[in-house]
Amino acid sequence: YYLALLSWSLGRVDLAETYFRSCGDSPDYAPFYIARGNLFRNSSPANAERDYRNAINIGPNEWRAYRTLASWYQQKGQFAQALDILTPAAGRFSSSYVVLFDYAETLLLNRRFDESLSILDTLTILPFEGAGYGRQRYREACVLAAIDRMNKGQPAQALPLLAKAK
């Protein structure tokens, strides 16, 4: 495993793949499966997904395993599957703003605007090095919830949401 990581970091992807393959499915370390899945995500997507699932099975207390698989599904446009992964993770890791933010973002992608907004309302995300992703998602959730209210013929409920988006 460590030889695979070292080879990969040195740009020797072919050698890293060989080392990862030689490990088989014997490691009982969730980050191993996350790393191997990341290496093979383009060349062998089915194996990458299997590795991400193995990471959750082996390390159910590793929030990064849930996040990685959910991100995998989001990138493939499979937002319902991402939500299926993050729903239990949000309960299990309720003190992790990272997991809760991912959960809120995935709710937003599944057009569950009010639920997303109710989670985003509880999070405090400090901007770092110019990062504004928390504020951006919050504004999106407010605007999309307002549009949803307008489509439902509830303009009076949409206005406060637009005000929150400022």
Side-chain angles (χ1 to χ4, degrees), residues 1-113 115-141:
Y1 168 61
Y2 292 117
L3 288 172
L5 292 178
L6 180 61
S7 299
W8 191 7
S9 74
L10 295 173
R12 298 284 316 273
V13 175
D14 56 334
L15 189 56
E17 288 176 350
T18 300
Y19 284 132
F20 269 122
R21 282 191 184 100
S22 71
C23 293
D25 288 335
S26 59
D28 61 350
Y29 184 56
F32 165 83
Y33 293 97
I34 294 171
R36 188 169 71 178
N38 287 343
L39 181 62
F40 288 105
R41 75 183 306 142
N42 293 324
S43 63
S44 183
N47 288 336
E49 182 179 1
R50 184 179 52 86
D51 278 343
Y52 296 147
R53 288 195 169 281
N54 281 343
I56 291 173
N57 292 334
I58 289 170
N61 293 322
E62 300 275 348
W63 61 266
R64 286 173 182 86
Y66 294 87
R67 186 174 200 228
T68 303
L69 181 58
S71 173
W72 165 259
Y73 284 132
Q74 284 182 359
Q75 289 174 357
K76 294 172 63 89
Q78 298 174 346
F79 305 127
Q81 289 88 336
L83 188 58
D84 289 343
I85 298 300
L86 286 174
T87 299
R92 178 171 278 194
F93 307 104
S94 60
S95 63
S96 169
Y97 88 89
V98 174
V99 173
L100 293 176
F101 179 80
D102 287 348
Y103 181 51
E105 185 175 45
T106 304
L107 286 166
L108 194 59
L109 292 168
N110 280 278
R111 306 186 57 78
R112 292 169 59 177
F113 310 123
E115 292 172 76
S116 175
L117 197 52
S118 70
I119 292 168
L120 291 171
D121 277 334
T122 67
L123 297 180
T124 301
I125 302 172
L126 299 176
F128 56 93
E129 298 180 11
Y133 62 89
R135 179 71 181 137
Q136 181 180 349
R137 288 298 172 270
Y138 185 78
R139 291 185 75 201
E140 286 175 16

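Here the structure is a predicted model, which is why all the values come from computation and not from measurement. Numbers for residues simply follow the sequence, beginning at 1.
- For the atom pair CH2 (Trp63) and CG (Leu86), the distance works out to 11.5 Å, reported to the nearest 0.5 Å.
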Run the side-chain contact (heavy atoms from CB on, under 4.5 Å) check on Asp51 and Ile34 step by step: do they pass? CA-CA 7 Å; Asp51 278 343; Ile34 294 171; over 6 Å; no
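- Pro45 has its side chain within reach of Trp72: a pair of non-hydrogen atoms, C-beta onward, lies under 4.5 Å apart.
- Neither side chain, Arg53 nor Tyr33, offers a donor N or O lying under 3.5 Å from an acceptor on the other.
- Side-chain atoms of Tyr52 and Asn38 form a donor-acceptor pair, as typed in the model, at a separation below 3.5 Å.
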Show the atom names and distances, to 0.1 Å, of all donor-acceptor pairs under 3.5 Å that link a side chain in residues 3-21 to residues at least two apart or in another chain.
residue: Ser7; atom: OG; partner: Leu3; partner atom: O; Å: 2.8
residue: Ser9; atom: OG; partner: Leu6; partner atom: O; Å: 2.8
residue: Thr18; atom: OG1; partner: Asp14; partner atom: O; Å: 3.1

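- In plain terms, the two heavy atoms of Asn47 and Ser44 that are nearest each other are ND2-OG, 2.7 Å.
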Applying side-chain contact (heavy atoms from CB on, under 4.5 Å), run through Leu108 and Glu115 and close with a yes or a no. CA-CA 8 Å; Leu108 194 59; Glu115 292 172 76; over 6 Å; no
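- Once rounded to the nearest 0.5 Å, the distance linking CD of Glu49 with CG of Asn54 reads 11.0 Å.
- Residues Ser116 and Glu105 have side chains that never bring a donor and an acceptor to within less than 3.5 angstrom of each other.
- Within the structure, every pair that satisfies the side-chain hydrogen bond (donor to acceptor under 3.5 Å, both in side chains) test and touches residues 75-89, not counting sequence neighbours, is listed here: Arg41-Gln75.
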Distance-only donor-acceptor hits, side chain of residues 120-128, under 3.5 Å, sequence neighbours excluded:
residue: Asp121; atom: OD1; partner: Tyr138; partner atom: OH; Å: 2.9
residue: Asp121; atom: OD2; partner: Lys164; partner atom: NZ; Å: 3.2
residue: Thr122; atom: OG1; partner: Ile119; partner atom: O; Å: 2.7

I'd like to know whether Tyr66 forms a side-chain contact (heavy atoms from CB on, under 4.5 Å) with Arg92, so could you lay out the CA-CA distance, the side-chain angles of the two residues, the decisive distance to 0.1 Å, and finally the verdict. CA-CA 11 Å; Tyr66 294 87; Arg92 178 171 278 194; 3.1 Å; yes
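- Here the closest heavy-atom approach between residue Asn110 and residue Thr106 is recorded as ND2-O, 2.8 Å.
- Within the model, atoms OG of Ser95 and CG of Leu100 stand 8.0 Å from one another, a figure rounded to the nearest 0.5 Å.
- Residues forming a salt bridge (charged side-chain N to carboxylate O under 4.0 Å, His left out) with Glu62 (at least two apart in sequence, or on another chain): none.
- Listed by chain and residue number, Phe101 satisfy the ring-ring contact (aromatic ring centres under 6.0 Å, His included) test with Tyr133 (two or more places apart in sequence, or in another chain).
- Between Arg67 and Val99 there is no side-chain heavy-atom pair separated by less than 4.5 Å.
- The heavy-atom pair separating Ala82 from Ala70 by the smallest distance is CB-O, 3.5 Å.
- Of the inter-residue distances, the one linking Ile58 atom CD1 with Phe32 atom CZ reads 9.0 Å to the nearest 0.5 angstrom.
- The shortest non-hydrogen separation linking Ala55 to Ala30 is O-CB, 3.4 Å.
- Partners of Arg50 under the salt bridge (charged side-chain N to carboxylate O under 4.0 Å, His left out) rule, at least two apart in sequence or in another chain, are Asp25.
- Here the SG-OH distance, from Cys23 to Tyr1, works out to 9.5 Å after rounding to the nearest 0.5 Å.
- The closest side-chain heavy-atom distance from Arg112 to Leu83 is below 4.5 Å.
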